[in-house]
Amino acid sequence: MTDSIDELREDALRALEEIRDDDALRVWRSQFLGRRGAVGKLFGAIGSMPQDERAAYGQGVNALQRELDAAYTEREALIQSQMLARDLEEGEIDISLPAHPQRRGGLHPATRTHREFQTIWADMGFQVYHSRDVEADDFNFTLLNLPPHHPARDMQDTFYTKDSRVLLRTHTSPGQIRAMREFGDGGTKPIRVILPGMCYRQEQVTARSEIQFTQVEGLAIGRNIRMSDLKGTIAEFAKRMYHPEAKVRFRASYFPFTEPSMEVDVECFLCGGEGCRVCKYTGWLEIAGSGMVHPTVLRNGGYDPNVWSGFAFGMGPERITMLKHGIQDIRYFWGNDLRFLQQF
Ligand code: PHE
């Protein structure tokens, strides 16, 4: 029987060497290696062999199969490279054609602005702290001086989970409490953090408002922090972010978690304060809500408001990105439209 294994090997390899094209190669494969092929027949003969020769015989056929398989693969590669060479020579392949362009991915415009913010604040000594998106009602409201039924809760329409004590944060401010409790060491250490992240509000989606958007919260706690520190810090940020000569102005406002509270405007960076469509001819753009941390909030963070004070602010990067790139509709941000995203 080993005779027929050797014979078959010789026949098959000789036949393979003659082959010059794909079709013949396929015929060869089914003739020798196919299910009803010659090697298969040798396997089939095992049953009629004497018991003591079966093992050695089986191993021999197995080895033959592997050898023919390898020879086939090698021949196939050779034929393909010869065909390629022939096509090239006959001019069937035009190697001067430009290659398919490789598409490059890009960062989402909101991510870019976010990173720009982070870099500037980090340079100014603020740590980046990522607080959670799914929050307890207590942190989002109550501990920020918004007890249940407080009318100011209506300022932010909220997505609740099935459990009405758990919600999607409506602003990044709950991170203030978490940062104070985590880094304040029981109200004994100063803090300087920014808290960037996604916020959610149950709102009518329009060109100006979305149910999700990002905010960058800032918080500084120390022994002698005053309103002048808040003003100086934000003015410095505006210079680094918008323009070395950027002017800012503060308008009295109201937030339950800061007292006093202020809205921050920056001189319109598109018209330089002359007045244009973007700033609605006022010369100013609103960039943040801010204020001195309310004593109740300090206490909830573990600090004694008689000794410690601080400032906080919240900024909306999307609005700034929209102004910068002249994006008219906030829905583009999370609409996943490639035609929009590929412009960045
Ligand atoms: N959390 C406020 C908002 O979403 C912004 C803010 C943050 C105001 C910190 C004051 C201090 O509108």
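Hydrogens, waters and symmetry mates are skipped; everything else that's a heavy atom, side chains included, is used. Just so you know, these numbers come straight off a predicted model, no measurement behind them. Order of listing sets the numbers, starting from 1, for every ligand and every atom in it.
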Handout entry: Sidechain N-carboxylate O distance under 4.0 Å for D138, R165
Key = no
Exercise for the section: Please check if the side chain of D123 supplies one atom and the backbone of I120 the other of a donor-acceptor pair under 3.5 Å. Expected result: no
Practice task
For the pair D157 and R201, find out whether any cationic side-chain nitrogen is under 4.0 Å from an anionic carboxylate oxygen.
Solution key: no
Practice task
Give the intermediate values and the outcome of salt bridge (charged side-chain N to carboxylate O under 4.0 Å, His left out) for residues D6 and R9.
Solution key: CA-CA 5 Å; D6 290 339; R9 172 183 294 114; 2.9 Å; yes
Practice task
Any atoms of ligand 1 less than 4.0 Å from a non-hydrogen atom of Q215? List them with their elements.
Solution key: 3 (C), 4 (O)
Practice task
Give a yes/no verdict on whether any heavy atom in R201 is under 4.0 Å from an atom of ligand 1.
Solution key: yes
Practice task
Give yes if a backbone or side-chain nitrogen or oxygen of H171 is under 3.5 Å from a nitrogen or oxygen of ligand 1, and no if not.
Solution key: yes
Fill in the blank from the handout: For atom 2 (C) of ligand 1, the closest protein heavy atom turns out to be F257 CZ, 3.8 Å
Exercise for the section: Classify the contact between S290 and ligand 1 as side chain, backbone, both or neither, using a heavy-atom distance cut-off of under 4.0 Å. Expected result: backbone
Practice task
Can you pull out the closest protein heavy atom to atom 12 (O) of ligand 1? Residue, atom name and distance to 0.1 Å, please.
Solution key: F255 CE2, 3.8 Å
Completion exercise
among protein heavy atoms, the one nearest atom 9 (C) of ligand 1 is E217 OE2, 3.3 Å
Exercise for the section: State, yes or no, whether a side-chain contact exists between F344 and H108 at a heavy-atom distance under 4.5 Å. Expected result: no
Practice task
Identify, by atom number and element, the atoms of ligand 1 in contact range of G314, meaning under 4.0 Å from any of its heavy atoms.
Solution key: 6 (C), 7 (C), 9 (C)
Problem - Presence of salt bridge, E90 and R86, under 4.0 angstrom - result: no
Practice task
Measure F313 to ligand 1 on non-hydrogen atoms and call it side chain, backbone, both or neither using the 4.0 Å cut-off.
Solution key: backbone
Exercise for the section: Find all atoms of ligand 1 within a distance of less than 4.0 Å from any non-hydrogen atom belonging to S173, and give their numbers and elements. Expected result: 1 (N), 7 (C)
Problem - Salt bridge present between E267 and K247 (N-O < 4.0 angstrom) - result: yes
